[in-house]
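Notes follow once the structure below has been shown.
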Amino acid sequence: SGRWAKAEAILRELEEKCGTPTAKLRQVADAMTVEMHAGLASEGGSKLKMLISYVDNLPTGDEKGLFYALDLGGTNFRVMRVQLGGKDGIIKQESEEVSIPPHLMVGSSHELFDFIAAALAKFVDTEGEDFHLPPGRQRELGFTFSFPVRQLSLASGTLIKWTKGFLIEDAVGEDVVGELTKAMERLGLDMRVAALVNDTVGTLAGGRYNNPDVIAAVILGTGTNAAYVERAHAIPKWQGLLPKSGEMVINMEWGNFRSSHLPLTEFDQTLDVESLNPGEQIFEKIISGMYLGEIVRRVLCRMAEEASFFGDTIPPKLKIPFILRTPDMSAMHHDTSPDLKVVGSKLKDILEVPNSSLKMRKIIVEICDIVATRGARLSAAGILGILKKLGRDAVKEGEKQRSVIALDGGLFEHYTKFRNCMESTLKELLGDVAENIIVEHSNDGSGIGAALLAASHSQYL
Ligand code: ADP
Ligand code: MG
């Protein structure tokens, strides 16, 4: 019938607009490399902020002692303590996850940091005898804060802007370490922030601790971002002394990348316009976990309106932004049952569509596939951009340098089809070099990485 023909037409149009042929991915990678150069050349020189992390030494394995870490980046935050044993490695670690009440994500700075400090204080109270703080010492913390920060030193930095559904205006421009420290003081928690790091930088540090070939880290979670090790002399905007190591970790903030080569659709445009941060984080909005399910919802809305995809009425629930979460999209996408019963039950539970035909379910799986494939392939192009910047995208005569990229984030970890597509696309782009480039899952690397950086910047060294 005409209804199916119209739905089919919308689907084919989506597929075409989301297309990422290899040639296009190479253009995206080249544009990423160009923007990296521009962002390193001058402050504000590019949409890529290429933030200087002040991390000029990555963990060596000699780090020792008890350190805490706090990871704030999405809907959850994590507190962690780790007993580092130098050459004996990690002796013991414990962590706890706390979800952030949604009203605190759009409230005041004071309230958010009080909540965080309180959870941290509660966690410190449960420290057992396996952890050892030498008498008279202050506890020290690595603070992983996964929003763009202009660092003033390794342990201070001002918030540039919020992303990923956070919007707390009075915190913008403030030193987030100062905010956390004041909240800890209000509670009487005696702890010093020894390092402030982005989650990408933490993941890079955690990854390097386990593998000396790690040169970059990428997060695919609620948002997306990357960090890598740059040669200090290749950072023209760096005014300070050159670090002894000759290296500096750069937090790219690649979520804010945008290029005319990106395949964008009407759905991306309206998602962006109606978001908390219109015009910003365009790369993030087509790749990351916060948005993929929402893109699918928007496609389904159009099908419902223009092709009566769900029948004569539009399911009211379908009108609610963000009601279709990426984990639900992923579950539908991975449905292998012959009658796609997972898709059927998601439609019923989330959108209150009681009956769905197999034909409808198949179309929905196709939408998921198109949207996830575009995100996965573009993230591979981003990684190629980094490798190109470092000259590691080609085999050098007589050299066999291995490059390891540490990957983390819930999207990478749990969305198998996304992850497989990202990895196979990277191979496709790299050709012969693929054997020297390794993608490694760095589980919880960012928390441990922050603790390691706190250890190497302890006041007691
Ligand atoms: P954050 O990025 O907030 O620090 P995570 O790295 O844990 O936290 O990523 C969480 C995100 O990962 C979620 O917002 C969701 O988008 C995505 N995610 C989690 N589980 C799944 C899943 N099963 N399938 C697809 N995406 C998932
Ligand atoms: Mg995270």
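In what follows, every heavy atom counts, from backbone to side chain, and hydrogens, waters and symmetry copies are set aside. Both ligands and their constituent atoms are indexed starting at 1 by order of listing.
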Inset, instruction - With Arg302 as the cation and Phe267 as the aromatic partner, state whether NZ or CZ is under 6.0 Å from the six-membered ring centre and within 45° of the axis. - result: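 No, Arg302 and Phe267 do not form such a contact.
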
Inset, instruction - Answer with side chain, backbone, both or neither: which part of Ser330 has a heavy atom less than 4.0 angstrom from an atom of ligand 1? - result: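 Side chain only.
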
Result block: side-chain N/O donor-acceptor pairs under 3.5 angstrom for residues 360-381, not counting sequence neighbours:
residue, atom, partner, partner atom, Å
Arg361, NE, Ser356, O, 3.4
Arg361, NE, Ser356, OG, 2.9
Arg361, NH1, Asp339, O, 2.8
Arg361, NH1, Leu340, O, 3.4
Arg361, NH2, Ser356, O, 3.3
Arg361, NH2, Ser356, OG, 3.3
Glu366, OE1, Arg12, NH2, 2.7
Asp369, OD1, His333, NE2, 2.8
Thr373, OG1, Asp369, O, 2.6
Arg374, NH1, Pro263, O, 2.9
Arg374, NH1, Asp268, OD2, 2.7
Arg374, NH2, Asp268, OD1, 2.9
Arg377, NE, Thr20, O, 3.1
Arg377, NE, Thr20, OG1, 2.8
Arg377, NH1, Thr425, OG1, 3.4
Arg377, NH1, Glu428, OE1, 3.1
Arg377, NH2, Thr20, O, 2.8
Arg377, NH2, Glu428, OE2, 3.2
Ser379, OG, Gly375, O, 3.0
Ser379, OG, Ala376, O, 2.8

Side chain or backbone, does [X] bring an N or O within less than 3.5 Å of an N or O on ligand 1?
| X | result |
| --- | --- |
| His414 | no |
| Gly289 | yes |
| Gly410 | yes |

Legend entry - Nearest neighbour in protein (non-hydrogen) for atom 1 (P) of ligand 1: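 Checked against all protein heavy atoms, atom 1 (P) of ligand 1 sits closest to Thr222 OG1, 3.4 Å.
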
Inset, instruction - Measure the distance from atom 26 (N) of ligand 1 to every protein heavy atom, then report the residue, atom name and distance (to 0.1 Å) of the closest one. - result: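 Sorting protein heavy atoms by distance from atom 26 (N) of ligand 1 puts Thr326 CG2, 3.7 Å first.
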
Inset, instruction - Go through ligand 1 atom by atom and flag the ones less than 4.0 Å from a non-hydrogen atom of Leu411. - result: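 Counting from 1, the qualifying ligand atoms are 12 (O), 17 (C), 26 (N).
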
Legend entry - Per-atom contacts, ligand 1 versus Gly409 - under 4.0 Å to a heavy atom: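 Checking each atom against Gly409, I get 6 (O).
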
Inset, instruction - Please determine if Glu253 and Lys161 form a salt bridge, counting it only when a charged side-chain N lies under 4.0 Å from a carboxylate O. - result: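 Here Glu253 does not pair with Lys161 in a salt bridge, since their nearest N and O are not under 4.0 Å apart.
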
Legend entry - Distance-only side-chain donor-acceptor flag, Glu140 / Ser458, under 3.5 Å: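 Glu140 vs Ser458: donor-acceptor pair found between side chains.
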
Legend entry - By side chain to side chain contact (heavy atoms under 4.5 Å, CB included) - contacts of Val172 (at least two apart):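 Listed in chain order: Leu159, Trp162.
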
Legend entry - side chain to side chain contact (heavy atoms under 4.5 Å, CB included) partner of Phe145, chosen from Asp199, Leu72, Asp71, Val177: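 The option that passes is Leu72.
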
